[in-house]
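Atoms within a ligand are numbered from 1 in the order they appear, just like the ligands themselves. No experiment lies behind these values; they were computed from the predicted model shown. Computed over heavy atoms, backbone and side chain alike; hydrogens, waters and symmetry mates excluded.
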Amino acid sequence: MTHTGSDALAAEMASIVGEAHVLLDPELRASYETDWTRRYSGRSRFVVRPGSTEEVAAVLRACEQASATVVPQGGNTGLVGGSVPRRGEIVLSLKRLDHLDAVDEEAGEVTAGAGATLARLQAHARDAGWAFGVDLASRDSATIGGMIATNAGGIRMMRYGPMRAQLLGIEAVKADGSVIRRMPGLRKDNTGYDLGGLLSGSEGTLAVVTRARLRLVPALPARAVALLAVPDVRAALSVAARIRASVPSVEAQEVFFAEGVELVCKHTGAPMPFSQAYPAYLLVECAAATDPAPSLVMALDGAGEVLDSAVATDRRLRDELWRYRERHTESISAEGVPHKLDIALPLGAYAEFEHRVRGAVAEVVPGARAILFGHIGDGNLHVNLLGLEPDDEGADDAVLMLVAGLGGSISAEHGVGVAKTPWLHLTRSPADIMTMAAIKRSFDPRGILNPGVILPIEPIRPRT
Ligand code: 2HG
Ligand code: ZN
């Protein structure tokens, strides 16, 4: 008997992808079964790792025939439980589809396999004199396919938009094994529905992304980062607005607070950024063809709300300032398993939310800690709650109700996954949700792809 044992579907998979790429051994499966947060975890039937689009198509066709459910997975850096099994699904890992075509240097475009990591794509673009517009802290593990599936935003979103805005073409496999292919993409193409746009943010519920044609952006050699201490979030908002209005080279604006900096210093050994602690911090990065520091400093001149500041242009010093922001996620996880809420607000309601959210959490779970940080330029805030029971969602509910009451969104960039499904109705209308369900049925009529993600779980539908 082969290592696929008595599972006939696993044996069929082995005939498609080769035995070495069907993982049944619990030890080999383990890293595919728990997500980055450690909050979401489940047993898979097995893990299958196809090496080409054709193999993905054959795998999905066989799964659909066998009424087997599938969770597509890239770098498994998601934070909402959407990339790990929950009820014995098959994990379909796209990591082997990691080919990067040569950069089209004239067009400023590249075709990337779903399994290529963001860091590899960034280096590949850089080597050809270009840059990629999306960047995020998990760049070494996050994959292009997963980033498209979740429409990742990241730290440069205010300048270049999310993954959806980088897409010029897409290749994806539907549940029945048919392939949607619009490659290489065209800059202008108004021929009906934008399927790539629809698949971005569909979280593996409609089709499995296998390749994408991506636009590149100019490589900007001169950078400046400013870390500004401010008295509160209102000051951070007004300084950030002033910079956006007068400094066209701004590409990132991030906010964080005293409690987050304390955690980063505790867990990374970094010294405090200034000689004293401040209530709130705004980090700004500008990038241009020539040194953007003078115009950034000029915009800060007379910004009375700035209590202290550090400006860096040199790579090493810039990284040192960024670590106070980028190392929040790992420092929070070092304290425990957080409940992660990634919310967006109209900029006009951002300060009110920040002012009320800690109280809203304390009312439900008095001992809980709320660590806030995020992309203030996009109205996005990451609310990480520590000190909660894994399944007690009372505090999550209080935060998301507050968001909805202020006209925000319950997920800004991490997606809905399984974590936010119960609250989708708070910020999407019944007509929106019914339309999404109809789209889901037209792509995946039997409901085998990532069941329970975005929309509530439904039984597999019979073959028609
Ligand atoms: C970031 O902005 C990521 O660093 C992760 O979106 C946010 O850990 C989080 O809550
Ligand atoms: Zn983020």
Does a donor on one side chain and an acceptor on the other come within less than 3.5 Å for Asp432 and Thr435?
-> no
Fill in: Donor on one side chain, acceptor on other, Trp423 and Asp397, under 3.5 Å
yes
- Do the side-chain N and O atoms of Tyr32 and Arg49 include a donor-acceptor pair separated by under 3.5 angstrom? yes
Shell check on the Zn ion (ligand 2): protein N, O or S atoms less than 2.8 Å away are His375 NE2, His382 NE2, Glu413 OE2
- request: Answer yes or no on whether Arg358 is positioned over the face of Phe257, meaning its NZ or CZ is under 6.0 Å from the six-membered ring centre and within 45° of the axis.
  value: yes
| request: Tell me, yes or no, whether the heavy-atom count around Arg234 atom CZ, taken from other residues, nucleotides or ligands under 6.0 Å, exceeds 12. | output: no
Which N/O atoms of ligand 1 sit under 3.5 Å from a protein N/O, and at what distances?
| residue | atom | partner | partner atom | Å |
| --- | --- | --- | --- | --- |
| ligand 1 | 2 (O) | Arg325 | NH2 | 2.6 |
| ligand 1 | 2 (O) | His375 | NE2 | 3.0 |
| ligand 1 | 2 (O) | His382 | NE2 | 3.0 |
| ligand 1 | 4 (O) | Arg325 | NH1 | 3.3 |
| ligand 1 | 4 (O) | Arg325 | NH2 | 3.3 |
| ligand 1 | 6 (O) | His382 | NE2 | 3.1 |
| ligand 1 | 6 (O) | Glu413 | OE2 | 3.0 |
| ligand 1 | 6 (O) | His414 | NE2 | 2.7 |
| ligand 1 | 8 (O) | Thr329 | OG1 | 2.7 |
| ligand 1 | 8 (O) | Lys340 | NZ | 2.6 |
| ligand 1 | 10 (O) | Lys340 | NZ | 3.2 |
| ligand 1 | 10 (O) | Asn384 | ND2 | 3.0 |

For residues Thr111 and Arg213, is any side-chain donor paired with an opposing acceptor at under 3.5 Å? yes
Given side chains that start at C-beta, do those of Val208 and Leu94 come closer than 4.5 Å, heavy atoms only? yes
Quiz item: Is the number of heavy atoms from other residues, nucleotides or ligands within 6.0 Å of CE (Met401) greater than 12?
Solution: no
Check step by step if side-chain hydrogen bond (donor to acceptor under 3.5 Å, both in side chains) holds for His382 and Asn384.
CA-CA 6 Å; His382 298 308; Asn384 278 245; 5.8 Å; no
